[in-house]
Amino acid sequence: MGAGAARTRTTPARRPRVTPPGRFGPAELRLALAAPRPVAGLTSEWRLVDGLRTHTRRAGDPGTAAIPVVLVHGLAVSHRYLTPLALTLADTHPVYAPDLPGFGLTERPTHAYDVPRHAAHLAAWLAAYRMPPVCLLGHSFGAEVVAALAARHPDAVRAVVLAGPTSDPAARSRRGQFGRWLVDTLREAPLQAPILLRDVVDARPWRVHATLSHSVRNDIEADLVGIAAPTLVVTGSRDPVVPPAWRTQVSRLVPHSRTVTVPGAAHNVVTTAPAQVADAVRALLTPQPTNR
């Protein structure tokens, strides 16, 4: 550069300022609804998986040696509400949030998949990405899918996180689950509503109803006892969908599990308390020192 040339200085891109953990504000909403536009280190891509054009939202450095974390969304929703957690985890892990068939920006099949079919698609997705053993984090209905995959494909899974896992046998019916969801809406951050509306429009109401029917018929207990990987069960203390008795039962059924309860959080703990959930995930994935 010549002596008279102006020197330019580059600064790393900054992520938009977001609301402190425990809340969900306008900044989080904008980031959640941004896909497929790249923003704050989040990018979108599509791959053909089992004949379906499958969308994935990504964050973090894929070249790192850290264990990849795959976030699996719940019923009626998509990657969007998992965005706060994806960004928080991306500081230390590559993060992937695929949209399940029929949801978000993934191609819509002509019928609604049940839990085993979603688990099979997710296993094919892992194979398409040539993933090493991953940490699978499933929220709500996504926890059912993750449990099914972990039980059927143990070699693909390094660790499991069941966040707000459904469905409690005490309310394992469409009416029971919908009633608990209505109670939960009164405890959630109101700005999550636009995400739910967008996701239901994308999925179509009939698919949401059919998937709920599959969920309440799913015997998650049979999959929980088959999980061999270290497992974290995480819920909010104010979650009416996953009351303490069911949370305890889930933890007892999984052979190698620990439980974390986030004070003040409701069912969407992954959305409103991303820092607390991310810390619990990192603790799960951190090798424990051996006693000599």
Side-chain angles (χ1 to χ4, degrees), residues 15-37 39-40 42 57 59 71-89 95 97 99-100 103-105 137-143 163-168 171 174-205 207-209 211-212 215 234-244 246-247 260-280:
R15 290 179 182 166
R17 187 176 181 181
V18 297
T19 309
R23 298 173 55 195
F24 187 85
E28 287 85 357
L29 178 61
R30 286 192 293 271
L31 290 173
L33 295 174
R37 180 170 55 90
V39 62
L42 292 160
R57 197 68 162 156
L71 308 180
V72 184
H73 63 79
L75 177 70
V77 284
S78 73
H79 73 275
R80 295 182 179 106
Y81 80 113
L82 298 170
T83 299
L85 180 58
L87 285 173
T88 307
L89 282 169
V95 182
D99 287 331
L100 295 175
F103 296 93
L105 301 179
L137 185 154
H139 175 251
S140 197
F141 175 74
T166 53
S167 57
D168 180 4
R174 287 191 298 258
R175 177 177 292 183
Q177 289 299 295
F178 186 69
R180 288 187 177 186
W181 176 79
L182 287 178
V183 173
D184 184 66
T185 60
L186 302 176
R187 303 179 182 182
E188 296 286 356
L191 279 180
Q192 293 179 85
I195 299 175
L196 177 61
L197 179 61
R198 172 74 179 274
D199 284 336
V200 170
V201 169
D202 282 348
R204 309 295 191 260
R207 189 184 308 276
V208 174
H209 183 271
T211 305
L212 176 58
S215 174
V234 59
T235 62
S237 66
R238 301 180 68 237
D239 184 353
V241 181
V242 184
W246 173 235
R247 177 181 68 230
V260 170
T261 303
V262 179
H267 187 56
N268 287 353
V269 61
V270 293
T271 307
T272 59
Q276 293 92 324
V277 175
D279 285 346

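For reference, positions follow the sequence shown, starting with 1. If you're wondering where the values come from, they're calculated on a predicted model, not measured in any experiment.
Residue Gln276 holds its CD atom at 11.0 Å from CG of Leu85, rounded to the nearest 0.5 Å. Taking CG of Leu42 as the reference point, atom CG of Leu87 lies at 4.5 Å (rounded to 0.5 Å). Atom-to-atom distance recorded for Leu71:CG and Leu89:CG is 6.5 Å, nearest 0.5 angstrom. The CZ atom of Phe24 sits 9.5 Å away from atom OG1 of Thr272, with the distance rounded to the nearest 0.5 Å. To the nearest 0.5 Å, atom CG of residue Leu197 and atom CG of residue Asp202 are 9.5 Å apart.
Between Val262 and Ala273, the shortest heavy-atom distance links the atoms CG1-CB, 3.8 Å. Minimum heavy-atom separation, Ala278 to Thr88: CB-CG2, 3.6 Å. Closest heavy-atom contact between Ser140 and Gly74: CB-CA, 4.3 Å. Nearest heavy-atom pair, His79 versus Ala35, reported as atom, atom and distance to 0.1 Å: NE2-CB, 3.3 Å. Taking all atoms of both residues into account, the shortest heavy-atom contact from Ala163 to Val270 is CB-CG1, 3.9 Å. Across all non-hydrogen atoms, the minimal contact from Ser237 to Gly264 is OG-N, 2.7 Å.
Using a 4.5 Å heavy-atom threshold, the side chains of Thr271 and Glu28 count as separate. For the pair Phe103 and Asp199, the minimum side-chain heavy-atom distance is 4.5 Å or more. Taking 4.5 Å as the limit, every side-chain heavy atom of Trp181 sits out of range of all side-chain heavy atoms of Thr166. Residues Thr185 and Leu196 are not in side-chain contact: their nearest non-hydrogen atoms beyond the backbone lie 4.5 Å or more apart. Taking the side chain as every heavy atom from C-beta outward, Arg30 and Pro26 approach each other to under 4.5 Å.
Of the possible polar contacts, none joining the Arg247 side chain to the Thr235 backbone as a donor-acceptor pair under 3.5 Å is found. Between the side chain of His73 and the main chain of Leu100, a donor-acceptor pair closer than 3.5 Å is present. The closest donor-acceptor contact from the side chain of Trp246 to the backbone of Pro165 lies under 3.5 Å. One N or O on the side chain of Asp99 and one on the backbone of Leu105 form a donor-acceptor pair closer than 3.5 Å. The main-chain N or O of Asn268 is found under 3.5 Å from a side-chain atom of Glu188 such that the two form a donor-acceptor pair.
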Are Val277 and His139 close enough, and set up right, to give a side chain to side chain contact (heavy atoms under 4.5 Å, CB included), and what steps lead you there?
CA-CA 11 Å; Val277 175; His139 175 251; over 6 Å; no
Please lay out, stage by stage, how Asp168 and Arg180 fare under the test salt bridge (charged side-chain N to carboxylate O under 4.0 Å, His left out).
CA-CA 10 Å; Asp168 180 4; Arg180 288 187 177 186; 2.8 Å; yes
Worked verdict on Ser215 versus Leu75 for side chain to side chain contact (heavy atoms under 4.5 Å, CB included):
CA-CA 9 Å; Ser215 174; Leu75 177 70; 5.6 Å; no
Checking Thr83 against Arg57 for the side chain to side chain contact (heavy atoms under 4.5 Å, CB included) test, could you report, in this order, the C-alpha distance in whole Å, the side-chain angles of both residues, the deciding distance, and whether it holds?
CA-CA 9 Å; Thr83 299; Arg57 197 68 162 156; 5.5 Å; no
